[in-house]
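Below: the structure, in structure tokens.
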Amino acid sequence: MLIDNHSLEDLVVVKRSGQRVEFNSLKIAVAIKNAFDSTPSNYSNNDINKVYEDTLSYIYNNYKDRKTINVEDIQDVIELMLKRDSYNDIYDSFSGYRLRRSESRKSFAVKQQHKFVKAIEKIGCVDTSNYKTGENLEKFGSIISTEYTKAYILDNKYVRAFEEGKIYIHNFSYFHLGYFSNTSLDIRKLVNREECLFDILNIMEKSKEEVNGEVSINSFDDILSKYYIDKFKKIFIKKLLDSLNLFGFIDLVNIKKIEDRINKEGSIIIILDNYRDIFVNDMLFNILKVVYDESIKDVFDYMLLNIKKIVMLLNDSYKENSLYSISVGNNKTYEGNIIKNIILDLVDEFDYLENICVVYKIYGLSDVDKISKLIYDGKNIKLNILDKKNKNNYDVEYFSDGTRIYENIYSESISVGRMNVANTSINIARLGFMHKALNKDFYNDMDNLIEFTKNELLVVYEDIGNKIKNNYNYLFDGNIFDDEKLDYGQKIRKVIKNGTLNINLVGLYECALIIDKDKYLEIMLKIIKYINKKIILLSIDNKLNFTLSAIVNDANYELMDLDKAIYGVIKGINDNDFYKNVMIDGNIEELNLCQKMFNGGCMLEIKLKNKFSLNKIKESIIELIDNYVGLVCIKE
């Protein structure tokens, strides 16, 4: 008989303080898994699950009629099962941990101080030979910050839910320090500066000191097209005046008229015949033509050299979590097209851009051959298929992991300069394991989980929102939407409210399979629609931007790993390395429907392992352009 929380729901646990609480089998699973994880071995999740089930069975058989069980008794049972099943090395690890915790409790009267000692122990377990010197410091800092958050910042109910795998708090280790998740920078003001490209590089690099997630530049080609034109005008005017002066013709032309006319040009493509009235003879006009051609080349070389510097230096960044993305494509200007091609050519030139991903926006069939080749060569590029039927005339932007950058159709600025303030995943697969049906209990538990996660996100939002502008050197200096309203010494709450509080679904696909593998698509859509309505209401009620996503990230691995310890490895459900989240066999209409309901993002991953060829990639892209809207990753 499978023993679970329901079988032992009448059993009461007596804590060391004398407090009585409900029996929670998940705590036992976490304790056993931690013991296995802390010991170098070749044991599998099935081994963890065996000890877990044996422990619950023993407790059921020996304590269900007693009504109460002490915490120490539970730990004794775990040790007994480890000994009985011959996991001697795990027994030694678990027993040693108990002794250290016991001594720590004797030494510290305050509970938080005792808990914080765990951080020191965890640092002692880090193998520093695996990291560089700077990385070791960041690793140690992350451990300290995590344990500090557990002990002093977050309410224990959120910490417990995180440790038990009900939710996964993505910025757990750093939110209290004021770090943000994925952040899109507003670089529009920089295009008016002489050293625009240097300033872009500088703010992208420096912002990583205040952003733990991805730093993104949206519409890189469109925004830089203005700078391209301005830079060309300056080069053109200077070279023209230098040449006229060199040949002694400077007094034969109206300099102010030349400068005024060039400065009024809206592109680097100039109709030179319009300057015949200024350059009165063929010799002067030929100088104009020669200088024009040279200026076209010089501005291209300048842009290529400096954009290449940006790409190289960002890609070589040594900082932890140094991830950047640049979106290009769907350009509306000649200059934007040049910048887009520079970016694509650089992606092709480098063997692999590990820290930089290019998100290419597709509105039509242009560049399909080039993009297909880049994907075929394994370059770090994602496709953002734009909606041809979009009447609002704005582009939806994504971070490279599939997270959608929040847009407000009522604002002139759509997604530029917006951030994901906090991101928490909820374990939908766990609900499938528990209920195995879309029944009343399933929906009640899901309602409670969404409400619980909402409250946790609000706690994080308030904690970060109470930081002041003085705490930041770079982000709130014209780089975030609306930050011009933020005075020195003011709390940043009123600016970060333009960002998102995202709830990410993990194990949605697997949850549906558990309930009914023949109707999994129907079940998935029911769950998404239900949660999506909840998310809309959360945004309205709290006047904040709550979003819903289904992004594959660390949570998909961590939560599956813990669920394997609890439920064992079930073929076709959790026998993979991670939860896949969304459907993998759905038709285009169903996939588009999912994308529309996930206002926080959902990336379609297409694997062409058996048919991975240049032609197949091209065919897939063309089909997507005709039928699909959203972010796509195509790989072998």
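A quick note: this is a predicted structure, and the numbers were derived from the prediction, not measured.
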Checklist entry - If you count the non-hydrogen atoms of other residues, nucleotides and ligands that lie under 6.0 Å from CD1 in Ile271, is the total more than 12? => result no

Checklist entry - If you round to the nearest 0.5 Å, how far is CG of Leu344 from CD1 of Ile339? => result 12.0 Å

Checklist entry - In Å, rounded to the nearest 0.5 Å, how long is the span from CG of Leu538 to OG1 of Thr453? => result 10.0 Å

Checklist entry - Does atom OH of Tyr352 have more than 12 heavy-atom neighbours from other groups under 6.0 Å away? => result yes

Checklist outcome for this item: When every non-hydrogen atom of Ser181 is compared with those of Val421, the smallest separation belongs to OG-O, 4.1 Å

Item to check | Test: Arg418 cationic atom under 6.0 Å from Tyr406 six-membered ring centre, within 45° of axis | outcome: no

Checklist entry - What is the ring orientation for Phe476 with Phe180, classed by angle as parallel under 30°, tilted 30 to 60°, or perpendicular over 60°? => result perpendicular

Checklist entry - Does the ring centre of Tyr174 sit less than 6.0 Å away from the ring centre of His176? => result no

Next on the checklist: By the definition side chain to side chain contact (heavy atoms under 4.5 Å, CB included), identify the one residue from Leu241, Ile235, Asp242 that meets it with Lys238.
Outcome noted: Asp242

Item to check | Any donor-acceptor N or O pair under 3.5 Å, side chains Ser216, Asn218 | outcome: yes

Checklist entry - Between Asn380 and Ile356, is there a donor-acceptor pair closer than 3.5 Å when you use the side chain of the first and the backbone of the second? => result yes

Item to check | Pi-cation contact, Phe546 with Lys454 (under 6.0 Å, within 45°) | outcome: no

Item to check | Atom NZ of Lys379 with >12 non-hydrogen neighbours under 6.0 angstrom | outcome: yes

Next on the checklist: Test ring-ring contact (aromatic ring centres under 6.0 Å, His included) on Tyr168 and His170; report intermediate values, then the result.
Outcome noted: CA-CA 6 Å; Tyr168 187 92; His170 292 267; 4.9 Å; yes

Checklist entry - Under 3.5 Å, side chain of Thr333 to main-chain N/O of Gly336, donor-acceptor pair present? => result yes

Checklist entry - What do you reckon, is OH of Tyr376 surrounded by more than 12 foreign heavy atoms closer than 6.0 Å? => result no

Checklist entry - With distance as the sole test, does Asn355 use its side chain to make a donor-acceptor pair with the main-chain N or O of Asn315 at under 3.5 Å? => result yes

Item to check | Note, Leu631 side chain near Val396 side chain (heavy atom, < 4.5 Å) | outcome: no

Next on the checklist: Checking side-chain polar atoms at under 3.5 Å, does Glu214 have a donor or acceptor matched by the opposite partner on Thr183?
Outcome noted: no

Checklist entry - Are side-chain N/O atoms of Ser613 and Asn615 paired as donor and acceptor at under 3.5 Å? => result no

Checklist entry - Under 4.5 Å between any side-chain heavy atoms of Met303 and Tyr227, yes or no? => result yes

Checklist entry - Between Tyr579 and Tyr557, is the gap from one ring center to the other below 6.0 Å? => result no

Item to check | Ser184 versus Glu397, side-chain donor and acceptor atoms under 3.5 Å | outcome: no

Checklist entry - Less than 4.5 Å apart, any side-chain heavy atom of Tyr302 and any of Tyr228? => result no

Item to check | Donor-acceptor contact below 3.5 Å, side chain Asn470 vs main chain Gly489 | outcome: yes

Next on the checklist: Keeping Lys469 on the side-chain end and Leu486 on the backbone end, is there a donor-acceptor pair under 3.5 Å?
Outcome noted: yes

Checklist entry - Does a donor on one side chain and an acceptor on the other come within less than 3.5 Å for Asn502 and Ser549? => result yes

Item to check | Closest heavy-atom pair and its distance - Gly402, Met603 | outcome: CA-CB, 4.1 Å

Item to check | Derivation of the salt bridge (Lys or Arg N to Asp or Glu O under 4.0 Å) call for Lys467 and Asp463 | outcome: CA-CA 7 Å; Lys467 301 289 188 293; Asp463 189 272; 3.4 Å; yes

Checklist entry - So, do Leu240 and Phe279 sit near enough that their side-chain heavy atoms are less than 4.5 Å apart? => result yes

Checklist entry - Does some side-chain heavy atom of Asp477 sit less than 4.5 Å from a side-chain heavy atom of Asp483? => result no

Next on the checklist: Taking side chain to side chain donor-acceptor pair (under 3.5 Å) as the criterion, tell me which of Thr500, Asn171, Thr547 meets it with Asn420.
Outcome noted: Thr500

Checklist outcome for this item: So CD1 of Ile492 and CG of Asp482: to nearest 0.5 Å the spacing works out to 13.5 Å

Checklist entry - How far apart are the C-alpha atoms of Lys297 and Asp293, what are their side-chain angles, what is the distance that settles it, and do they pass the side chain to side chain contact (heavy atoms under 4.5 Å, CB included) test? => result CA-CA 6 Å; Lys297 182 180 182 305; Asp293 290 338; over 6 Å; no

Checklist entry - Looking at CD1 of Ile338 and CG of Asp345, how far apart are the two atoms once the value is rounded to the nearest 0.5 Å? => result 11.5 Å

Item to check | Side chains of Leu624 and Ile634 in contact at under 4.5 Å (non-hydrogen atoms) | outcome: yes

Next on the checklist: In the structure I gave you, are the side-chain heavy atoms of Asn384 and Ile362 within less than 4.5 Å of one another anywhere?
Outcome noted: no

Checklist entry - How far does CD1 of Ile385 sit from NZ of Lys361, to the nearest 0.5 angstrom? => result 12.5 Å

Item to check | Stepwise salt bridge (Lys or Arg N to Asp or Glu O under 4.0 Å) test for Lys257 and Asp260 | outcome: CA-CA 5 Å; Lys257 193 172 184 179; Asp260 288 346; over 6 Å; no

Checklist entry - Does the Asn471 side chain pair with the main chain of Ile468, one donor and one acceptor, at a distance under 3.5 Å? => result yes

Item to check | Side-chain (Asn498) to main-chain (Val495) donor-acceptor, under 3.5 angstrom | outcome: yes

Item to check | Heavy-atom donor-acceptor pair, Lys382 side chain to Phe399 backbone, under 3.5 Å | outcome: no

Checklist entry - Ala422 and Val460: which non-hydrogen atoms are nearest, and at how many Å? => result CB-CG1, 3.7 Å

Checklist entry - Can you list the steps and then say if Arg493 with Glu462 is a salt bridge (Lys or Arg N to Asp or Glu O under 4.0 Å)? => result CA-CA 8 Å; Arg493 179 186 285 102; Glu462 289 297 327; 2.7 Å; yes

Next on the checklist: Less than 6.0 angstrom from the centroid, inside 45 degrees of the normal: does Arg261 satisfy that with respect to the ring of Tyr275?
Outcome noted: yes

Item to check | Backbone of Lys256 reached by a side-chain donor or acceptor of Glu259 within 3.5 Å | outcome: no

Item to check | Distance-only side-chain donor-acceptor flag, Asn545 / Lys497, under 3.5 Å | outcome: no

Checklist entry - For Tyr334, does the OH atom sit with more than 12 other heavy atoms under 6.0 Å from it, leaving out its own atoms? => result no

Next on the checklist: I'd like to know whether CG of Asp351 has more than 12 heavy-atom contacts from other residues, nucleotides or ligands below 6.0 angstrom.
Outcome noted: no

Item to check | Over 12 foreign heavy atoms within 6.0 Å of CD, Glu484 | outcome: yes

Checklist entry - Yes or no on salt bridge (Lys or Arg N to Asp or Glu O under 4.0 Å) for Asp369 and Lys618, after CA distance, side-chain angles and deciding distance? => result CA-CA 7 Å; Asp369 288 335; Lys618 184 176 179 180; 2.8 Å; yes

Item to check | Donor-acceptor contact present, side-chain Asn479 to main-chain Tyr474, <3.5 Å | outcome: yes

Next on the checklist: Can you confirm whether more than 12 heavy atoms, excluding those of Lys607, are under 6.0 Å from its NZ atom?
Outcome noted: no

